[in-house]
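For the single chain, residues carry numbers from 1 onward in sequence order.
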Amino acid sequence: MRKKIVAGNWKMNLTLAQGEQLINDILQAGLKLKEGQEVIVATPFPYLQKAKSLLKSYPGFYVAAQNCYSEKSGAYTGEVSAEMLQSIGVDYVILGHSERREYFQESNAMLAKKIDQVLANGLKPIFCCGEPLEIRQAETQNAYVAKQLEESLFHLTEEQLKNVVIAYEPIWAIGTGLTASSGQAQDMHAFIRSQIANKFGREAALHTSILYGGSAKPGNAAELFASPDVDGGLIGGASLVAADFVAIIEKLS
């Protein structure tokens with residue numbers, strides 16, 4: 001199992017020049033990644049090749065796209081295929097982010113097709129799952145997340161699953177003023193791992209990286225990452241501030 005930190009909040013922020021400066025500031029911090037640790041920078045589509053160029057000489061640093069389309073090719077104006085991403089050297093693709101699910105109505109079935117496209121092109125999906133506030137309040141979050149996993153990932157083989165990263169997003173604790181405790185994060189991560197174990201076996205579950213996609217900051221990162229089933233983070237706003245992002249990476253056990 002590899003420990004991973006993903007800079008996941010570029011979204012539609014930053015110009016190319018600003019993004020290049022952010023990456024350079026992170027690299028100039030002189031981080032010494034330990035064996036088994038990865039830093040993944042998820043940029044908008046137009047910046048992917050630049051990010052790849054900047055990071056290519058730094059072991060342990062990888063590039064992710066923020067999305068891709070569910071079809072191999074065709075008349076889908078404005079969309080980007082997994083094959084296109086593979087052709088420019090992208091390593092990972094974030095799929096099923098809560099904003100994609102909410103704003104673009106991405107279903108579990110569509111995400112299963114995206115997963116297949118990403119894996120078929122030799123890329124690694126970072127699959128996001130998690131529950132909104134009303135589900136958490138109803139205390140049905142386990143069933144909700146289990147359904148996301150079952151409908152988007154459980155058609156895979158154990159061999160395919162080895163290339164999948166899971167990111168748990170407590171949607172109810174993102175930008176709401178509410179905070180998920182390290183205990184709540186650990187409970188859900190342990191549940192997700194148990195579901196993977198039930199379907200694919202204990203060994204597969206142990207080797208699946210499960211990242212926390214809530215509001216991780218320098219002040220709470222160490223506590224979150226100390227949880228036995230939290231393997232790193234999909235970092236939000238803090239990933240746009242080089243000093244904060246570097247501080248979070250340094251907290252990775």
Side-chain angles (χ1 to χ4, degrees), residues 1-10 23 33 35-45 47-49 51-56 58-72 80-98 100 106 108 110-130 148-149 151-169 189 192-193 195-196 199-201 203-213 229-235 239 249 252:
M1 178 166 49
R2 299 181 70 84
K3 301 287 186 175
K4 297 174 173 61
I5 297 290
V6 183
N9 205 57
W10 277 33
I23 291 176
L33 299 181
E35 184 178 356
Q37 293 182 346
E38 295 181 359
V39 175
I40 303 164
V41 179
T43 81
F45 291 131
Y47 307 164
L48 286 168
Q49 286 182 288
K52 186 75 178 178
S53 174
L54 292 170
L55 296 172
K56 66 181 180 182
Y58 292 84
F61 283 80
Y62 299 88
V63 174
Q66 297 180 7
N67 184 39
C68 74
Y69 197 51
S70 55
E71 301 296 332
K72 175 178 172 59
V80 174
S81 72
E83 185 177 34
M84 292 174 176
L85 297 176
Q86 186 275 335
S87 73
I88 62 170
V90 168
D91 306 294
Y92 289 87
V93 185
I94 297 176
L95 298 175
H97 191 281
S98 58
R100 297 291 312 180
E106 293 192 354
N108 293 334
M110 173 183 277
L111 292 170
K113 293 178 69 175
K114 290 190 176 190
I115 291 281
D116 290 346
Q117 286 299 318
V118 168
L119 291 173
N121 283 280
L123 308 177
K124 296 180 180 180
I126 300 172
F127 175 75
C128 300
C129 57
Q148 292 176 320
L149 296 171
E151 295 185 356
S152 297
L153 296 183
F154 281 10
H155 66 290
L156 301 176
T157 65
E158 182 180 344
E159 191 64 28
Q160 288 175 313
L161 185 74
K162 291 178 180 179
N163 291 309
V164 177
V165 178
I166 296 174
Y168 167 60
E169 293 184 287
H189 281 234
I192 292 171
R193 203 176 301 282
Q195 296 302 292
I196 298 296
K199 174 64 178 178
F200 298 98
E203 205 61 30
L206 289 174
H207 287 88
T208 299
S209 293
I210 307 176
L211 313 182
Y212 177 71
D229 288 294
V230 178
D231 304 315
L234 174 63
I235 310 303
S239 67
I249 296 169
L252 197 61

Item checked: Minimum-distance pair of heavy atoms, taken over all atoms of Lys52 and Gly89 -> NZ-O, 2.9 Å
Note to self: Does the plane of the ring in Tyr212 sit parallel, tilted or perpendicular to the ring in Tyr168? Use 30° and 60° as the thresholds.
What the structure shows: tilted
Item checked: Considering all heavy atoms, the nearest Ala167-Leu234 contact -> CB-CD2, 4.0 Å
Note to self: Assess the residue pair Phe154 and Leu149 against the criterion (side-chain contact (heavy atoms from CB on, under 4.5 Å)); give the C-alpha distance rounded to whole Å, side-chain angles, the decisive distance to 0.1 Å, and a yes or no.
What the structure shows: CA-CA 7 Å; Phe154 281 10; Leu149 296 171; 4.1 Å; yes
Item checked: Side-chain heavy-atom pair Phe61, Leu33 within 4.5 angstrom cut-off -> yes
Margin query: Are the side chains of Pro44 and Gln66 in contact, using a 4.5 Å heavy-atom criterion?
Written below: yes
Margin query: Distance check, rounded to the nearest 0.5 Å: Lys114 atom NZ versus Ile94 atom CD1?
Written below: 12.0 Å
Check: What's the spacing between Met110 CE and Glu71 CD if we round to 0.5 Å?
Finding: 8.5 Å
Notebook entry, point to check: If you measure from CD1 on Ile249 to CD on Gln37, what distance do you get to the nearest 0.5 Å?
Noted result: 9.0 Å
Notebook entry, point to check: Do His155 and Asp116 have side-chain atoms, one donor and one acceptor, less than 3.5 Å apart?
Noted result: yes
Next item on the list: Mind listing the closest non-hydrogen atom pair of Val93 and Cys68 along with its distance?
Entry: CG1-N, 4.0 Å
Notebook entry, point to check: For the residue pair Cys129 and Gln148, what are the closest heavy atoms and their distance?
Noted result: CB-OE1, 3.2 Å
Check: Got Val63 and Leu48 here, is their nearest side-chain heavy-atom distance under 4.5 Å?
Finding: yes
Checklist line | Distance (rounded to the nearest 0.5 Å) between Leu211 CG and Ile166 CD1 | finding: 9.0 Å
Notebook entry, point to check: Between CD1 of Ile235 and CD1 of Ile40, what distance do you get to the nearest 0.5 Å?
Noted result: 11.0 Å
Next item on the list: Establish, from distance only, whether the side-chain atoms of Gln86 and Asn121 form a donor-acceptor pair under 3.5 Å.
Entry: no
Check: Is there a donor-acceptor pair under 3.5 Å between the side chain of Ser53 and the backbone N or O of Gln49?
Finding: no
Margin query: My understanding is that only residues two or more places apart in sequence, or in another chain, count here; which of them pass side chain to side chain donor-acceptor pair (under 3.5 Å) with Lys162?
Written below: Glu159
Note to self: Within this structure, what is the NZ-OG distance for the pair Lys113 and Ser152, rounded to the nearest 0.5 Å?
What the structure shows: 12.5 Å
Checklist line | Minimum heavy-atom distance Lys4-Arg2, with the two atoms named | finding: NZ-CB, 3.2 Å
Checklist line | Candidates Ile126, Asn67, Val164, Val165 - the one meeting side-chain contact (heavy atoms from CB on, under 4.5 Å) with Leu95 | finding: Asn67
Notebook entry, point to check: What are the two closest heavy atoms between Ser239 and Trp10, and how far apart are they?
Noted result: O-NE1, 4.4 Å
Check: Is it true that a side-chain atom of Asn163 and a backbone atom of Lys124 form a donor plus acceptor pair closer than 3.5 Å?
Finding: no
